[in-house]
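Worksheet for the structure shown next.
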Protein chains: 2
Amino acid sequence: MDEPRWLDAAQQRDWRAYVDGSIRLNEIMDRDLKSKHGLSLPEYEILVRLSEAPERRLRMAELAEHASQSRSRLSHTCSRLESKGLVVRGSCPNDKRGVYAHLTDEGFAVLERAARDHVRTVRAFFVDVIDPDDLAAIGRAFTSVVKRIAEEN
Amino acid sequence: MDEPRWLDAAQQRDWRAYVDGSIRLNEIMDRDLKSKHGLSLPEYEILVRLSEAPERRLRMAELAEHASQSRSRLSHTCSRLESKGLVVRGSCPNDKRGVYAHLTDEGFAVLERAARDHVRTVRAFFVDVIDPDDLAAIGRAFTSVVKRIAEEN
DNA sequence: AGAAGTTAGTTGAATGTTAAACGAGGCCCT
DNA sequence: AGGGCCTCGTTTAACATTCAACTAACTTCT
C-alpha cells in the first residue's frame, strides 16, 4: 500500500502554478498563431524544425522526435500542411521506407511572418514577465526533465 | 515593418527546453493516469478541483476556470465523467441557469487512488529531478505568467 | 413591466488526436 | 537465399476538442 511522499505546501503551490500557467500559455500561443497565420502551435513547431534542418528537410521520424509528436500525429499534421502547400513529402534515396518532409518556399515565407508575431507573444506573456534568473532556472529544470524522460526508455 | 526583438541564444535555449519538457511531461502524466486509472489528465484535474471545493461541488463556470478549460470542453468532459459515475450534475437553487458539478463517493475513491500514483510520477519526472531553488523559480515565474494572462482580458 | 443586453451551460458539426493494426522495406542470422 | 524480427510511415476508427450557434435565465435601464 505504501504511502507516497506527498508534496509539501510550497512544492504543491509551485507545481500547480506551472501546470496552470503552461496550459494557459499554450492556449494563448495557439490562439495567436491560428488567428493571425492559420497555424496551430504543433504545426508551427513542425515548420520551425524543418526550417532549421539542413536543406530544410527531415525524415519523418526525426521530425517527430524534434517536434515532440507521435509519428501518427505527425503523419496527419503533415498531410494537412502538405495540402496547404507549406510542406512536401518526398521519398528517401537510401532507405525506401523513408520519407522526407521538406519545407516549401511558401512554407518558409509563412513561417517567417508567423515567427515575428510568435516571438512577440512569447515575450509578452513569458520571457518579459519573468526574472532573467528564473528563466535560466526554467531552462535548467526542464533540461533535466527532458533528460530524465529520455532515460526512462 | 518593425523588426521584433528576437530572443538571444540563452533565452531561446531556455524557452525551448521548457516547451519541449512541458509537452513530454504532459504526455507522461496523461499516459500514466490513463493506463493505471482510466483517467485523462484533464479529467483528473477536474476531479482534483472538485475534491477541494466545499461540499465537493462547484458551479460549471468556476470549475472551468479552476481547471483551465473552456466551458464547452468542460461540458463534454463532465458528461463523460458522469457516465462513468464519478461526477453528478445538479441544479443550482438560487440561479436557475446554474449547474453544480458534484464529485461522487466513487469519484473521490478513484481520485484518491489516482493521486497516489500521480504524485509519484510528478516527483519522478519533475520535482525530484530539479533543484529545489529552481522549483521555486518556476513557481514564481508561472505565477507571473498567469497574472499577466489574466490581465490581458 | 418589458426590451435589450449579458451570462450560464449545452449542443452538434467540423476538426484534431490517439491507439491499434497494417504493408513495405531493412537487418541479421544460418 | 530466405525466415524471423525490427523499423518506417500511413491508415482507420474511436475518441477528444474546438467553434459557433443556441436556449434559458438573470440584469439593467427606462
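Below, all heavy atoms of this structure are taken into account, side chains as well, without hydrogens, waters or symmetry copies. Protein chains get the first letters and strands the later ones, always in sequence-line order, with residue 1 at the start of each.
- Rounded to an integer number of Å, the gap from CZ of A:Arg80 to C1' of D:dT10 is 14 Å.
- In the set D:dC26, D:dT10, C:dG9, D:dT10 carries the atom at the smallest distance from any side-chain atom of A:Arg89.
- Rounding to whole angstrom units, OH of residue A:Tyr44 and P of C:dG16 are separated by 19 Å.
- Closest-nucleotide positions on DNA chain D for A:Lys34 and B:Lys96 were compared, and the one nearer the 5' end corresponds to A:Lys34.
- In this structure, A:Leu63 and A:Ile46 have side chains that are in contact, with non-hydrogen atoms separated by less than 4.5 Å.
- Of the candidates C:dG9, D:dC26, C:dG26, C:dG9 carries the atom nearest the B:Arg59 side chain, counting heavy atoms from C-beta on.
- B:Thr77 comes within 4.0 angstrom of sugar-phosphate atoms only, judged by non-hydrogen atoms across all strands, and of no base.
- Of the residues near DNA chain C, A:Ser40 and A:Asn94, the one whose nearest nucleotide (by heavy atom distance) lies more toward the 5' end is A:Ser40.
- Each of A:Asp95 and A:Arg73 was matched to the nucleotide of DNA chain C holding its nearest heavy atom; the match closer to the 5' end belongs to A:Arg73.
- Salt bridge status for A:Glu151 with A:Lys147: absent, with no side-chain N to carboxylate O gap under 4.0 Å.
- Between B:Arg16 and A:Glu52, at least one side-chain N (NZ, or NE/NH1/NH2) sits under 4.0 Å from a carboxylate O, which counts as a salt bridge.
- Per the geometry, CD belonging to A:Glu65 stands 16 Å off C1' belonging to D:dG9, to the nearest Å.
- Remark: C1' of D:dT17 and CD1 of B:Ile46 are 12 Å apart, rounded to the nearest angstrom.
- Taking the side chain of B:Ser72 as heavy atoms from C-beta on, and the options C:dG9, D:dT18, C:dT18, the nearest nucleotide is D:dT18.
- Remark: C1' of C:dA19 and CZ of B:Arg31 are 9 Å apart, rounded to the nearest angstrom.
- The separation between A:Asp30 atom CG and C:dT15 atom P is 16 Å, rounded to whole Å.
- The separation between A:Leu41 atom CG and D:dT17 atom P is 17 Å, rounded to whole Å.
- The side chain of A:Arg97 lies closest to C:dG25 when the candidates are D:dA13, C:dG25, C:dA13.
- Between A:Arg71 and D:dC8 there is a side-chain N or O to OP1 or OP2 distance below 4.0 Å.
- No side-chain heavy atom of A:His66 sits under 4.5 Å from any side-chain heavy atom of A:Val48.
- Nucleotide D:dT17 holds its P atom 17 Å from the NE2 atom of A:His76, rounded to whole Å.
- Across the interface with DNA chain D, nearest-nucleotide mapping of B:Glu43 and A:Leu74 shows A:Leu74 to be the residue nearer the 5′ end.
- A cation-pi arrangement is present between A:Arg56 and A:Phe108, with the terminal nitrogen or guanidinium carbon under 6.0 Å from the aromatic centre and inside a 45° cone about the axis.
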